[in-house]
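Order of the sequence lines sets the chain letters (A, B, ...), proteins ahead of strands, with each chain counted from 1. All values below were derived from every heavy atom in this structure, side-chain atoms included, with hydrogens, water molecules and symmetry-related copies excluded.
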Amino acid sequence: MASKTQTALQSKAHDPALDQIIKLAIMAVGGQGGGVLTNWIEDCAHRNGYVVQATSVAGVAQRTGATIYYMEMAPAQERAPVFSLLPAAGDVDILVAAEMMEAGRAIMRGFVTPDRTTLIASSHRALAVSEKTVPGDGIADSEEVIAAAEIAAQRFIAFDMEKMAVDAGSMISASLFGALAGSGALPFERESFEAAIKASGRGVEASLRAFAASFDAATGGKIERPQSGQAKLPAANTPAGPKHLVEHWSKLEARAAAMPEAARDMALTGLRAVVDFQDLDYGAEYLDRLEQVLAQDDPAKGYELTREAAKYIAKAMAYDDVFRVADLKTRGSRFARVRSEIGPAKGAQMKLTEFMHPRAEEIVGMMPSSLGRRLSKSESSMRLIDRLFNKGRRLRTDRLLPFAQLYVLGGLRKYRRGTLRHAIEKQHMEAWLDKAMTYRKIGYALGVETLRNRRLVKGYSDTHARGLSKFDRVMDGVALLAGRDDAAHWCKLLREAALADEKGDQLEGALKTVRSFAEPRETALPN
Amino acid sequence: MAERSFAKEVQKLKVGEGETFSGEGILALTKALLEAGVGYVGGYQGAPISHLMDVLADAEEILTELGVRYEANASEAAAAAMLAASVHYPIRGAVTFKGPVGVNVASDALANLSSSGVTGGALVIIGEDYGEGSSIMQERSHAFAMKSQMWLLDPRPNLPSIVQSVHQGFELSEATNTPVMLMVRIRSCHVTGSFAAKDNKRPPFTVKDALANPRSDYARVVLPPMSYMQEHDKINNRWPAAQKFIVEHKLNEMFGPKEAPVGIVLQGGMYNGVIRALQRLGLADIHGDTEIPLYVLNVTYPLVNDEFFEFCEGKSSVLVVEEGQPEFIEQALGSALYRAGKSISLHGKDMLPMAGEYTGQIMLDGIEAFLKKAAPELLPARLRAPNSEEKPALPDLSKTVPIRPPGFCTGCPERPIFAALKMTEQEFGKHQIAGDIGCHLFASLPPFEIGGSTMGYGLGPASNAAFDGGGDKRSISILGDGGFWHNGLSSSIGNAVYNKSDGVIVIVDNFYSAATGGQDILSSRADNPSKATGHPIADAVKGVGVKWVRQIDRTYDVPKMREILKEALTTDHVGPKVIVASSECMLNKQRREKPLMNKAIKEGRRVEKPRFGVDEDICTGDHACIRLSGCPSLSLKKLDDPLRDDPVASIDQSCVGCGNCGEVADAAVLCPSFFRADVVHNPGWLERTLGSFTSRTIAWLQNRRSRGRIEFVRT
């Protein structure tokens, strides 16, 4: 026992010098230049008479994986301090996160605590592979991280430091350094930070620009919601074209505007989409279909049915075929967008290569429906067509001839209504719409969910085929459920399962469950 | 050319007596070797000591001036074997590699070296790849020191201690005729700091002197009966000599008060972590002056019982802080106490976890738990009261924050290889695929999920040997150029040839040992002033008797890649089918070409810069392209369009225009959304004139069509 051995010692009086140790962790994604940032901070601290110890983890962690840099510093004394080589939960003063989810990771690991931590995070997202591969929308919700950060951090500074760096022609390490300086979390003057950048001697000018922009933003203690995509442009919705067409358009527009408030905007958006896809008469067709749905809608339900119909009928009518792709690829507006995206320097030229790969299906799809149907029925002719057309084609649309090819194809959209593809799409859409309206009679919500199932049909060739089969499987599942009060709920679950993975394994599981409790009954409606 | 250049830093190695050296751990190690008059150095790259190899390579000139031989060894085994130079000659030698995997590979040579014993100091610097940031199985190199009776140093993780341990390591090695392992952990390799430098020393006896006066002595050869005598020599002479040296030269350190009820025994590498915990418990100050006595084992093998007993004197209990498992030190100390009939209570793995890195929180909890039990009166009141301070309730982010394992870089030439493999599997069904060590192992993760095992460096094809006999689907194995030259040529290719393997072997050749930081290897294309590069892998493969070899010089050609894989899987050729897929590592390529390109643009020369893009109104947001890529620059964006449910693909400015997107979209018949835009800087006169004519004509056509129909424009 302690008492037996000798007089127990009293615990040491707390050493005030310990409170002068500044503990700083940088959580980054490999390749973001966390090493550069670490060197700058170290140099800056030295310039201010601090002793610094920095550690990093080299190795595969740097190949786009999550990685962490850690440093401690304290005012220099005649005797060297003992610093830790790695951060401890609840013991970090400054946490710099070079990406929003890395900020989340830091919070999860307990490196951000209300009693001490200044959290400086770039609000941009570098999506992880698991977020990108989902066929639907798998992007993690930054709002949840922000909510957590506002509780966990003593001070929280967040804005898009990636964009700031790119705009300045620099790397995010520079804007992170600027935010660190601007936050005032380190007891150093701005000049000493900038001196560190200048001393590093590479890309100094650009780095200083990014540093300055970020410094100012951070002094404002800014918290900015992450932007998805780029800054919002005004929607393209002003009609342009020959007078008689514009007049005709305004009539259609009036019809759409006459829709109930809840469905109006969607109806207008849908109308524009189908007119842009084909022509004004096609727009009239769209409105006819929509008005039929409206006739069956229930004001008490806030016209949800009509709104969803407005959205998905438009998507179904404006399908993706060869004419559509050719038309979009050859538009002046598209050329302009590509230019602004690539932003070639003044005096520089731009070559443009498109990657096309038509298969027999696309070719016969462009043919008059009767001929197309006959050919698509005979395997030998399909094989022949494949041999003739099915190969990767790279078209240089910055050159006259390849451009002309696509331009002419785009022009053929006039004849679209007669094509096999159009017949198929029309048939599929009408079957789906009828089904939805019949279900609507059984249950309003089920009708709405059935309309939404159209979301599953997207993509080209194999992906499109996979989407169709998922759509059919979900609809089959729904057929088993029609009549139950939880049918709509299950319809939604089936759709979400279908969007969760590529092969549809989750959907299969969900369907099993459905079959387990909903045996096919006579009352179930025929597909 | 390695990923990171130390050309500037190595100049620091020239500082001498009276000056202060400041820099990273790996540079300090190198400087210490030169101060100790090392005669030859070598090793094999691998985190965390990859950069030590880079430093040595960049310092070759300085080394040569001093008459020091630098060898970039072919493997850890080769590096360890090089220490044979210290068996007969009074030359100090040092090699470095990662542990424990490097030690596994080197163990044959190390065991022979230990049995023979050494005349000159032999130092093995091991970067122990354990804990966060590690890329390998979690084991300890400690066991190798014990089985071969090599002494193991584990210095406190600060530059002065590390530097001192290099000097002590050589002295200990020479005093006991035993090779010494010097262990540095992941973070101490890159920890920054400074120490008082000494002058560099020319080796008193160089390797050239040795060649001029060759020696041999069969007593050193590992053959009976000498091998029996060597074992007895280890136990009867070298071991006691080592313990004597350790005590006399105070290699282990004691801190804190002489008298206290409790104490802590720790590996040198644990020192900063322990001090931080004590600081947080109010038992140590900023300089590490502690109220709890510490017995710091800078030598973790062999242990010195008398020194340990002396430390235990008057204490009721001690805690052993020993990271990793099995707990060799705790076991040894426990049995020593028991045999000596001591009553002191010994704690360790009962207070600290058996497995895993001793992070800040774990260390704090473990030491606090120990003190609560053994000496509660030492703890501040707030800590004696159970869970005093409250933490705010945080939203659970575990479902939100995605895991972020390492993956292929933007433009990586290995991506199209595995995209092609994935498509091949989609066509012919899943195959038995064995992976190997290297960047290509990332293919085992989503989105590719290709390769179900990794058995060691260069052993990918060998690990498919059981399937060499073939079946209705051929086995496929992956091998990197690094692993190929490390030992793949004999263990994997030779093995496959001799056993008439029916398997398919894909050799990923990216011109470097890329995963370890882009060091040159035999098949590298770059000219290396001091090493022989440019030896094609295909020639070597043919040389050992492979008849079916296909060389691909542009891995980005996905259709060709697929075609060749198909051929390999279907050909009736008997014997291994080897595909060598070669394209330069994009990290290194960009590092080399970017500056040249920008220079050319500045000088007004014609330069083409490719980049890819996605037509957002053609992309339907099914993300099939991403499931065949996973490229960091190929991401998603949400459109401001109420008709769109799902985010569409989008390529950011980090795209290097490698071409994978277009190739895959084409080969897998995905969609026509992708486009490639080649920006032509400083076009010629003819090009400009033609260009403007074409674009004017195209614009005219576009306006013509717009005029004839309704279009919707932004206003």
Side-chain angles (χ1 to χ4, degrees), chain A residues 2 5 8 11-12 14-15 17-18 54-57 59-61 63-66 79 81-82 84-85 88-89 101 104-105 108 127-130 132-133 137 140 144 148 228-229 232 234 236-238 240-241 245 272 325 332 342 344 348-349 351 353 355-357 392 455 458-461 463, chain B residues 47 133 135 187 190-192 261 272 275-276 282 285-288 291 316 360-361 375 377-378 394-395 397 400-402 404 406-407 447 620 622 624 626-627 630 632 635 637-638 640 642 645-646 662 665-666 669 671-672 674-681 683 691 702 710-715:
Chain A
T5 49
S11 85
K12 201 183 183 77
H14 175 74
D15 176 6
L18 284 171
T55 64
S56 61
V57 177
V60 294
R63 301 281 186 266
T64 77
R79 280 183 63 200
V82 177
S84 168
L85 279 78
M101 285 303 140
R105 205 181 308 283
M108 279 168 69
L127 299 182
V129 170
S130 59
K132 298 193 286 187
T133 51
D137 182 356
E144 289 182 32
S228 62
K232 286 193 172 51
N237 50 17
T238 319
L245 292 182
R272 275 185 223 105
V325 171
I342 304 296
Q349 285 194 346
K351 300 182 183 174
T353 312
F355 296 81
M356 305 290 195
H357 195 137
R455 175 181 179 184
K458 58 178 177 177
Y460 299 77
S461 59
T463 328
Chain B
S135 54
R187 283 176 188 76
H190 292 280
V191 68
T192 58
N272 291 41
I275 290 295
R276 172 49 50 85
D285 68 13
I286 188 170
H287 306 295
E291 292 301 298
S316 60
Q361 194 59 43
E377 68 279 5
L378 290 181
L394 285 179
L397 293 177
T400 311
V401 177
R404 206 188 290 271
T620 58
D622 56 67
I626 289 170
R627 290 189 290 273
S635 192
K637 78 174 171 201
K638 291 203 169 109
D640 184 23
D645 293 302
D646 301 318
D666 169 353
V669 199
C671 76
F674 285 102
F675 62 82
R676 191 179 78 226
D678 302 84
V679 175
V680 184
H681 296 268
Q702 289 167 330
I710 282 270
E711 276 181 4
F712 299 94
V713 296
R714 294 200 167 83
T715 44

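- Counting heavy-atom pairs closer than 4.5 Å to chain A, the top residue among B:Ala624, B:Cys671, B:Gly288 is B:Cys671.
- Comparing A:Asn237, A:Thr463, A:Val129, A:Asp137 by how many heavy-atom pairs each has under 4.5 Å with chain B, the most go to A:Asp137.
- Contact tally against chain B (heavy-atom pairs below 4.5 Å) for A:Lys132, A:Glu144, A:Arg272: the top residue is A:Lys132.
- Between chain A and the options B:Asp645, B:Leu397, B:Val191, B:Thr400, heavy-atom pairs under 4.5 Å are most frequent for B:Asp645.
- Here A:Ala148 is the residue among A:Gly241, A:Ala140, A:Ala148 with the most heavy-atom pairs under 4.5 Å with chain B.
- Ion pair A:Lys458/B:Asp646 flagged as a salt bridge, since at least one NZ, NE, NH1 or NH2 atom sits closer than 4.0 Å to an Asp/Glu carboxylate oxygen.
- Heavy atoms closer than 4.5 Å to chain A are found in both the backbone and the side chain of B:Arg404.
- When the candidates B:Ile626, B:Ile275, B:Thr192 are compared by the number of heavy-atom contacts under 4.5 Å with chain A, B:Thr192 comes out ahead.
- Nearest approach of A:Ala348 to B:Val679, heavy atoms of both residues: CB-CG1, 3.8 Å.
- Interface residue B:Ala677: backbone and side-chain heavy atoms are both found under 4.5 Å from chain A.
- For the pair B:Arg187 and A:Leu85, the tightest heavy-atom approach, listed with the atom from each and the gap, is CD-O, 3.0 Å.
- Here B:Pro683 is the residue among B:Gly360, B:Pro632, B:Gly630, B:Pro683 with the most heavy-atom pairs under 4.5 Å with chain A.
- Using a 4.5 Å cut-off between heavy atoms, A:Ser84 touches chain B through backbone and side chain atoms alike.
- Contact of the B:His190 side chain with the A:Thr55 side chain is not registered, since no non-hydrogen atoms from C-beta on lie closer than 4.5 Å.
- Counting heavy-atom pairs closer than 4.5 Å to chain B, the top-ranked of the candidates A:Gln349, A:Met108, A:Arg105, A:Met101 is A:Gln349.
- With chain A as the partner, the residue from B:Pro447, B:Ala665, B:Pro642 showing the most heavy-atom pairs under 4.5 Å is B:Pro642.
- At a 4.5 Å heavy-atom cutoff, the contact between B:Ile710 and chain A is made by backbone and side-chain atoms alike.
- Taken to the nearest 0.5 Å, the OG1 atom of A:Thr238 stands 12.5 Å off from the CD atom of B:Glu711.
- Here the shortest heavy-atom pairing between A:Met356 and B:Pro672 reads SD-CB, 3.6 Å.
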